Amino acid sequence: MAEEEREEIQLAEAEEEVAVSKEQEPAAEDGQQLVGSDGEEAHGEIAATDIGAYGDHIIEGFSVEANVKKVSTYIKLPEKVAQYILAVLYLAVGVLCAAIPERIEGALPYIVGGAMAAVAITQFIFAIVKKEYRDTHTNKTAGSLIVLGLSVMIIIEHQWAHTFIPIVWGVIGLFEGAHAFNHAISRISRGMRCAYYIIKGIVEVVVAFLLLYEPEQYGELHIIVFGVSLMLDGITTLPVVKKYVTKR
């Protein structure tokens with residue numbers, strides 16, 4: 001009798017556990033659905049944020065400030081020294097672009113393709129040394145190879161490059177214009193000077209639309225504007241001028 005009673009008690013406990021688990025299953029499923037939906041919403045928000053800020057990431061990556069940090073980091077120079085070096089370099093290139101736009105426009109495929117190839121090769125070497133290819137969150141190894149292939153295509157296909165480069169510049173110009181207007185709006189909200197960023201944004205957007213509308217016709221105009229922009233960037237990179245521009 002004792003054994004039969006123990007078996008009945010064990011059977012009753014097992015049935016109770018099964019019943020409890022069945023009652024908890026819908027709750028767990030609901031919880032999983034809630035977690036899943038929240039994850040999807042969060043993922044969507046992140047994706048939307050990435051898309052909206054992608055232009056800013058591109059412009060920030062090519063900005064003078066970013067280049068100053070790169071030079072200071074890789075060459076092991078003080079930041080002020082890097083600022084003066086890049087200021088002189090930007091001024092020199094800007095003067096050339098504004099002074100001889102016809103010649104630069106004619107040699108544009110070689111200049112752009114050669115610069116892209118140099119950057120791609122340098123990035124590929126650093127990526128291999130640092131074994132960047134092990135991380136799936138970055139793509140410098142593969143990306144540098146693709147950019148290298150595009151640079152070769154730009155150098156070889158001159159006629160196509162003279163149309164392709166202005167269109168790409170036009171798209172980047174829209175990003176630069178939006179970036180400048182963002183700075184202007186931010187500075188207005190904080191009661192700071194914003195004239196420089198407003199003018200820069202207007203010029204960038206106007207030239208960008210001209211390039212997208214007639215890429216071959218306004219190539220030289222963009223080179224001139226690009227040169228003036230480089231000169232302004234070079235001047236505002238100087239520590240004394242930068243301090244004046246960024247203050248209230």
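All values reported here derive from a predicted model rather than from experimental measurement.
E132 contributes a side-chain N or O that, together with a main-chain N or O of T141, makes up a donor-acceptor pair within less than 3.5 Å. Side-chain atoms of R187 come within 3.5 Å of backbone atoms of R193 as a donor-acceptor pair (strictly under, hydrogens ignored). Judged by distance alone, the side chain of T122 and the main-chain N or O of A118 form a donor-acceptor pair under 3.5 Å. A donor-acceptor pair under 3.5 Å is formed between the side chain of S151 and the backbone N or O of L148.
One hydrophobic cluster holds both V206 and L221 under the rule that ILVMFWY side chains link at heavy-atom gaps under 4.5 Å. Placement of I100 and I165 within a single hydrophobic cluster is found when ILVMFWY residues are connected by side-chain heavy-atom separations under 4.5 Å, directly or transitively. Hydrophobic clustering (ILVMFWY, side-chain heavy atoms < 4.5 Å, transitive): L108 and I154 are in one cluster. In the hydrophobic clustering of this structure, I167 groups with I172; members are Ile, Leu, Val, Met, Phe, Trp, Tyr whose side-chain heavy atoms approach within less than 4.5 Å, directly or through other members. At a threshold of 4.5 Å between side-chain heavy atoms, the hydrophobic network of Ile, Leu, Val, Met, Phe, Trp and Tyr places F181 and L210 in one connected group.
How far NZ of K130 is from OG1 of T138: 10.5 Å, rounded to the nearest 0.5 Å.
Ring pair F164/W160 is parallel by interplanar angle, where below 30° counts as parallel and above 60° as perpendicular.
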(request) May I have the step-by-step check of side chain to side chain contact (heavy atoms under 4.5 Å, CB included) for N139 and Y133, ending in yes or no? (result) CA-CA 7 Å; N139 60 350; Y133 48 83; over 6 Å; no

(request) Show your working on side chain to side chain contact (heavy atoms under 4.5 Å, CB included) between I185 and Y197 and close with a plain yes or no. (result) CA-CA 9 Å; I185 294 170; Y197 293 101; over 6 Å; no

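Looking at every heavy atom in both residues, S144 comes nearest to Q123 through CB-NE2, 3.7 Å.
H158 and H162 form no side-chain donor-acceptor contact under 3.5 Å, judged by distance and modelled atom types alone.
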